[in-house]
Number of protein chains: 2
Amino acid sequence: MPNSKPTPVTMDAVYTAPGYLFRRMQQIAVALFIEECKAFDLTPVQYAALVTISTHPGIDATRLSAVIAFDRSTLGNVIERLQAKDYIVRKPAPEDKRVKLLFLTKAGAGVLNEIMPSVDKAQARMLQPLKPADRKTLLSLLTQLVDLNNEASRVPLRAEDALEHLGRSG
Amino acid sequence: MPNSKPTPVTMDAVYTAPGYLFRRMQQIAVALFIEECKAFDLTPVQYAALVTISTHPGIDATRLSAVIAFDRSTLGNVIERLQAKDYIVRKPAPEDKRVKLLFLTKAGAGVLNEIMPSVDKAQARMLQPLKPADRKTLLSLLTQLVDLNNEASRVPLRAEDALEHLGRSG
DNA sequence: ATTTAATTGACAGTATACTTACAATACGGC
DNA sequence: GCCGTATTGTAAGTATACTGTCAATTAAAT
């Protein structure tokens with residue numbers, strides 16, 4: 001009789017799983033971001049896209065997705081929303097008819113400057129409960145882990161590759 | 001002239017933000033889970049729900065949401081999908097006509113038992129790149145941080161409260 | 001130079017994750 | 001026992017996040 005002893009299942013199968021903990025922390029991070037930045041009507045993803053377009057004016061959607069490691073399909077919708085809010089504009093690339101280049105508008109640059117302190121506050125708040133030394137340790141291990149697992153993600157970060165033929169502005 | 005010196009924006013505003021790193025790790029965690037468990041057609045969230053229904057048979061959707069800290073609305077759809085796959089059944093509660101109680105089916109209990117090793121493999125893989133001591137440190141800090149930030153999340157974990165009048169089976 | 005392959009943005013479809021709102025039901029104070 | 005209130009499940013609407021696919025276009029192979 002095979003499989004005669006099924007392992008007894010406990011909630012530890014959920015609570016101690018790193019994947020569960022990362023999910024919870026991500027949800028906490030988004031909640032804190034939204035709370036601190038509620039005056040600005042910008043989501044964390046939209047903020048990351050704005051920052052990247054700011055540091056790489058004229059980047060296209062595919063390269064943007066590689067630089068922040070967000071899915072290309074998802075980013076299409078994000079870009080549409082940023083455009084609807086008049087924070088960015090899309091201009092057709094002269095040398096490649098498929099490509100649309102992304103630029104910040106004045107309003108986009110303004111929001112980005114204004115939201116920064118609130119973003120910093122949110123980022124600080126989510127580590128606040130830890131002792132300063134533990135914050136540094138966690139951030140260091142987390143940075144290492146994300147980097148070492150880069151290829152495991154569906155959309156690996158390709159910061160360098162993506163910018164090879166751009167003006168190397170970031 | 002106010003605001004005459006806008007802070008120069010760099011990609012560090014994204015790359016070093018803990019929120020960004022948590023988002024990346026969550027995406028990596030999901031990718032690894034899906035890859036290891038592709039034979040089973042179960043998502044991480046569906047797995048967590050199945051485990052909880054297994055350890056708390058007869059739990060209702062609202063309490064389930066509190067025990068795994070997932071949004072109540074989201075969970076409605078998750079439950080529908082688990083029901084469509086015949087992994088769970090919903091039975092009306094005799095003493096409260098609003099409530100529908102959740103139970104595993106034989107198939108649900110079977111999948112849960114079979115998928116466990118693959119889930120463990122995925123969870124191990126995402127920490128694998130770190131040295132064993134660093135894995136322990138990260139997991140400890142992450143667990144602390146999630147717990148200390150519990151109230152900041154939109155759906156705080158309420159494991160105890162949620163089970164007060166249940167049979168205390170977990 | 002013409003066929004083949006790769007890239008780009010777009011779209012459809014599924015699955016979380018959250019908000020607000022709502023009807024049905026249950027419960028509290030009185 | 002009635003009434004205001006809270007709870008439960010559900011639904012609609014928005015925003016990620018991923019899978020495919022597709023047409024248009026460009027690049028590469030020969």
Side-chain angles (χ1 to χ4, degrees), chain A residues 19-20 22-24 26-35 38 41-49 59-66 68-85 90-102 153-155 161-162 165, chain B residues 19-20 22-24 26-35 38 41-49 59-66 68-85 90-102 153-155 161-162 165:
Chain A
Y20 174 77
F22 285 127
R23 175 183 301 271
R24 292 266 287 131
Q26 207 268 321
Q27 289 174 347
I28 288 164
V30 172
L32 289 174
F33 184 105
I34 297 296
E35 191 182 321
K38 59 174 174 291
D41 187 35
L42 265 191
T43 66
V45 169
Q46 289 167 12
Y47 164 77
I59 197 173
D60 62 276
T62 296
R63 247 148 293 272
L64 175 58
S65 111
I68 51 183
F70 289 171
D71 182 75
R72 207 160 56 99
S73 294
T74 305
L75 215 48
N77 303 324
V78 176
I79 287 170
E80 271 178 29
R81 284 175 213 118
L82 287 174
Q83 196 174 19
K85 295 178 189 176
R90 276 196 278 195
K91 299 181 184 174
E95 76 293 355
D96 189 334
K97 289 177 195 165
R98 296 168 303 179
V99 173
K100 297 179 183 175
L101 307 179
L102 304 170
S153 79
R154 286 305 185 178
V155 184
D161 299 13
H165 55 55
Chain B
Y20 174 76
F22 285 126
R23 174 182 303 270
R24 292 265 286 133
Q26 207 268 323
Q27 289 175 347
I28 288 164
V30 172
L32 289 174
F33 184 104
I34 298 295
E35 190 182 323
K38 60 173 173 294
D41 188 33
L42 265 192
T43 66
V45 169
Q46 290 167 12
Y47 165 77
I59 197 172
D60 62 277
T62 296
R63 247 148 293 274
L64 175 57
S65 111
I68 50 181
F70 289 171
D71 182 75
R72 204 162 57 99
S73 294
T74 306
L75 215 49
N77 302 322
V78 176
I79 287 170
E80 271 178 29
R81 284 176 212 117
L82 287 174
Q83 197 173 18
K85 294 178 189 176
R90 277 196 278 195
K91 297 181 184 172
E95 76 294 353
D96 189 335
K97 288 176 194 164
R98 296 170 304 179
V99 173
K100 297 179 181 173
L101 307 178
L102 304 170
S153 79
R154 287 304 185 181
V155 185
D161 299 12
H165 55 53

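The structure presented is a predicted model; accordingly, all values stated were derived computationally and were not measured. Numbered from 1 within each chain, the chains take letters A, B, ... in sequence-line order.
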Student: Taking only N and O in the side chain of B:Arg90, is any of them less than 4.0 Å away from OP1 or OP2 of D:dT8?
Tutor: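 Answer no for this pair, as no side-chain N or O of B:Arg90 is under 4.0 Å from OP1 or OP2.
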Student: For B:Arg98, enumerate each residue passing the salt bridge (Lys or Arg N to Asp or Glu O under 4.0 Å) test, keeping only those at least two apart in sequence or located in another chain.
Tutor: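 Listed in chain order: B:Asp96.
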Student: On the nucleotide D:dG9, are OP1 or OP2 found under 4.0 Å from the side-chain N or O atoms that B:Lys97 carries?
Tutor: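 Indeed not, no polar side-chain atom of B:Lys97 lies that close.
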Student: With a 3.5 Å cut-off and just heavy-atom distances, do the side chain of B:Arg98 and the base of C:dT25 make a donor-acceptor pair?
Tutor: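 Between C:dT25 and B:Arg98, which were checked side chain against base, a qualifying N/O pair under 3.5 Å is present.
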Student: Below 4.5 Å, heavy atoms only, C-beta onward: do B:Pro44 and B:Ile34 meet side chain to side chain?
Tutor: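 Yes, side chains in contact.
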Student: Can you tell me how far C1' of C:dT16 sits from CZ of A:Phe22, to the nearest Å?
Tutor: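 Distance, rounded to whole Å: 19 Å.
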Student: A:Leu82 CG to D:dT14 P: how many Å, rounded?
Tutor: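 Answer to the nearest Å: 17 Å.
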Student: Expressed as a whole number of angstroms, how long is the span from A:Gln27:CD to C:dA15:C1'?
Tutor: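 Checked: the CD to C1' distance equals 13 Å.
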Student: OP1 or OP2 of D:dT16 less than 4.0 angstrom from a side-chain nitrogen or oxygen of A:Gln46, does that happen here?
Tutor: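 Answer yes for this pair, as a side-chain N or O of A:Gln46 is under 4.0 Å from OP1 or OP2.
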Student: To the nearest angstrom, how far is B:Leu101 atom CG from D:dT8 atom C1'?
Tutor: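 Taking CG of B:Leu101 and C1' of D:dT8, I get 12 Å after rounding.
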Student: State which residues pass side chain to side chain contact (heavy atoms under 4.5 Å, CB included) with B:Ser73; sequence neighbours excluded, sorted by chain then number.
Tutor: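 In terms of side chain to side chain contact (heavy atoms under 4.5 Å, CB included), with neighbours along the sequence ignored, B:Ser73 is linked to B:Asp71.
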Student: Whole-Å distance between D:dA15 P and A:Gln26 CD?
Tutor: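 Going from A:Gln26 (CD) to D:dA15 (P), I get 17 Å.
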Student: List in chain and number order the residues that pass salt bridge (Lys or Arg N to Asp or Glu O under 4.0 Å) with A:Lys85, two or more places apart in sequence or in another chain; answer none if no residue qualifies.
Tutor: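 Listed in chain order: A:Asp41.
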Student: Only counting residues at least two apart or in another chain, list the ones meeting side chain to side chain contact (heavy atoms under 4.5 Å, CB included) with B:Lys91.
Tutor: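 B:Val89, B:Phe103.
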Student: By nearest heavy atom, map B:Ser153 and B:Asp96 onto DNA chain C; which one lands nearer the 5' end?
Tutor: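 Looking at DNA chain C, the more 5' nearest nucleotide goes with B:Ser153.
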Student: Tell me, which of residues 70-81 of chain B have any heavy atom that sits under 4.0 Å from an atom in DNA chain D?
Tutor: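 Contacting residues: B:Arg72, B:Ser73.
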Student: In whole angstrom, give the distance that lies between atom CG of B:Leu64 and atom P of D:dT8.
Tutor: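 Rounded to whole Å, this separation is 13 Å.
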Student: Table please: side-chain donor-acceptor pairs of residues 76-84 of chain A below 3.5 Å, with sequence neighbours left out.
Tutor:
residue, atom, partner, partner atom, Å
A:Gln83, OE1, A:Arg90, NE, 3.2
A:Gln83, OE1, A:Arg90, NH2, 3.0

Student: Atom CG of A:Asp60 and atom C1' of C:dG9: how far apart are they, to the nearest Å?
Tutor: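 So the CG-C1' distance, A:Asp60 to C:dG9, works out to 10 Å.
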Student: Expressed as a whole number of angstroms, how long is the span from A:Asp41:CG to C:dT19:P?
Tutor: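 Atom-to-atom, A:Asp41 to C:dT19, this comes out as 15 Å.
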Student: Enter the distance from B:Gln27:CD to A:Phe22:CZ here, rounded to the nearest 0.5 Å.
Tutor: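 Between B:Gln27 CD and A:Phe22 CZ, I get 13.0 Å after rounding to 0.5 Å.
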Student: How do B:Glu95 and B:Arg154 order along DNA chain C: which one's closest nucleotide is nearer the 5' end?
Tutor: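 Nearest nucleotide further toward 5': that of B:Arg154.
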